[in-house]
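Chain letters run A, B, ... following the sequence lines, proteins first, then strands; residues in each count from 1.
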There are 2 protein chains.
Amino acid sequence: MHRTTVRVARDALDANSTIAQANRDDFDRHGVRVVNLMSAPGAGKTTLLERVLEEGPERVGVLEGDVQGSFDADRLSALHVPVTQLNTDNGFGGECHLDANMVRSALPELPLDDIDVLIIENVGNLVCPAEFRVGEDVRAMVSSVTEGEDKPLKYPLMFRACELVILNKIDLLPHLDFDVELFLDNLDDVHPGVERMLVSARTGEGVEQVGEWLLRR
Amino acid sequence: MHRTTVRVARDALDANSTIAQANRDDFDRHGVRVVNLMSAPGAGKTTLLERVLEEGPERVGVLEGDVQGSFDADRLSALHVPVTQLNTDNGFGGECHLDANMVRSALPELPLDDIDVLIIENVGNLVCPAEFRVGEDVRAMVSSVTEGEDKPLKYPLMFRACELVILNKIDLLPHLDFDVELFLDNLDDVHPGVERMLVSARTGEGVEQVGEWLLRR
């Protein structure tokens with residue numbers, strides 16, 4: 001008798017891949033490019049999006065992932081960009097990441113006919129969001145200089161998963177012991193040559209370049 | 001026929017509680033007080049521990065939780081405190097939190113006869129670590145002023161789970177728009193009156209008080 005063993009975790013990710021592909025097909029059908037934006041809590045994803053979206057680009061939408069509440073969605077709604085809130089709270093503390101099925105459950109609420117670009121702001125977490133594709137075209141992450149140079153080495157899957165690494169809060173560099181070269185060396189150790197941008201969402205430095213990348217059609 | 005439905009997530013946490021109690025019994029038998037220290041990535045847990053442990057307090061041990069690598073354990077080992085590394089990497093990206101069974105697997109490596117206090121540095125994450133007790137006596141968390149005032153509202157379970165909230169990196173306040181009163185108001189909204197300490201692991205401000213709390217016998 002032939003016998004096989006399949007790990008549950010593998011199963012869960014297989015199901016996720018299947019649903020992510022279904023999402024991808026729906027996004028393709030509507031001609032929508034999808035960006036999955038990730039970071040640790042407080043790295044500045046929302047502030048960066050406020051900056052990128054403040055001139056009200058047309059045909060851009062945001063899907064906000066949070067454990068609970070709508071604090072970030074409320075901030076972005078002030079910018080007259082369509083924002084959809086997706087909460088992972090299931091009465092149990094909530095999931096620490098978005099997965100493909102959660103995004104699928106939000107599809108009916110998304111104005112896919114009216115947008116060309118959808119930015120998905122994931123739950124703040126450097127571990128699990130990197131493991132779950134949601135049907136996106138590209139993945140970008142924000143790492144803040146206040147988090148330390150070691151983060152690529154400690155969370156390599158996240159830094160490897162992304163096509164763009166945004167190093168944020170560089171306005172604080174004069175007040176920190178953060179070594180930019182060491183961070184970039186660590187980044188190249190886990191994801192050689194990955195595109196990177198040094199920005200300050202607070203002062204606006206480098207934000208235009210990030211906007212061009214995120215909002216590319 | 002009587003029929004009941006039990007959710008899998010509930011089962012997982014029930015198993016965790018059972019194992020956490022077994023850990024608790026073992027810690028009690030050895031007279032060891034256990035602190036579960038949590039935070040987002042880069043909030044400064046390790047730097048704070050370096051400060052607290054730099055004078056080499058006797059009979060104190062550290063259990064370092066990381067997805068992979070031993071960067072923090074290596075930093076703390078320089079202080080001549082017994083440090084045990086626990087990695088959650090299972091070849092699959094790694095778990096985003098410690099659970100009771102992971103800590104149990106580390107018990108044989110812990111010098112329980114030689115310590116009175118064990119500090120467990122959890123994986124950097126504001127969501128799942130709060131859901132899994134590991135057999136600790138108390139839980140403390142570090143929130144950094146660079147993460148923003150909204151964190152208690154966005155991650156209430158974490159802020160509610162802890163007996164102590166340490167607001168770190170206050171040396172950066174002059175360079176940020178962070179409103180300390182607003183943060184404390186948000187904290188009281190989710191966990192009224194919880195003990196809180198404002199510190200800078202970098203300058204040492206407030207660290208003595210944190211040390212007394214963490215190393216209490």
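In this structure, the separation between CG on B/L176 and NZ on A/K169 is 7.5 Å, given to the nearest 0.5 Å.
Atom CD of A/Q21 is surrounded by more than 12 heavy atoms from other residues, nucleotides or ligands within 6.0 Å. Atom CD of B/E195 sits in a crowded spot, with more than 12 heavy atoms from other residues, nucleotides or ligands closer than 6.0 Å.
Taking every heavy atom of both residues into account, B/V67 and A/K154 meet most closely at CB-O, 4.2 Å. In terms of heavy-atom proximity, B/R75 sits nearest to A/D150 at NH1-OD2, 4.5 Å. B/E131 approaches A/G94 most closely through the heavy-atom pair OE2-O, 3.4 Å. For the pair B/H175 and A/L172, the tightest heavy-atom approach, listed with the atom from each and the gap, is O-CD2, 3.6 Å.
Contact tally against chain A (heavy-atom pairs below 4.5 Å) for B/T146, B/L126, B/T47: the top residue is B/T146. For the options B/G44, B/A43, B/G124, B/S143, heavy-atom pairs under 4.5 Å to chain A are most numerous at B/G124. Ranked by heavy-atom pairs under 4.5 Å with chain B, the list A/A40, A/P41, A/S144 is led by A/P41. Contacts with chain B were tallied for A/A130, A/C128, A/P156, A/G69; A/P156 has the most, counting heavy-atom pairs under 4.5 Å.
Both the backbone and the side chain of B/L153 come within contact range of chain A, judged by heavy atoms closer than 4.5 Å. Of the two parts of A/D177, the backbone and the side chain both hold a non-hydrogen atom closer than 4.5 Å to a non-hydrogen atom of chain B. Residue B/P174 does not touch chain A at all, counting heavy-atom pairs closer than 4.5 Å. Only the side chain of B/K151 comes within less than 4.5 Å of a heavy atom of chain A; its backbone N, CA, C and O stay farther away.
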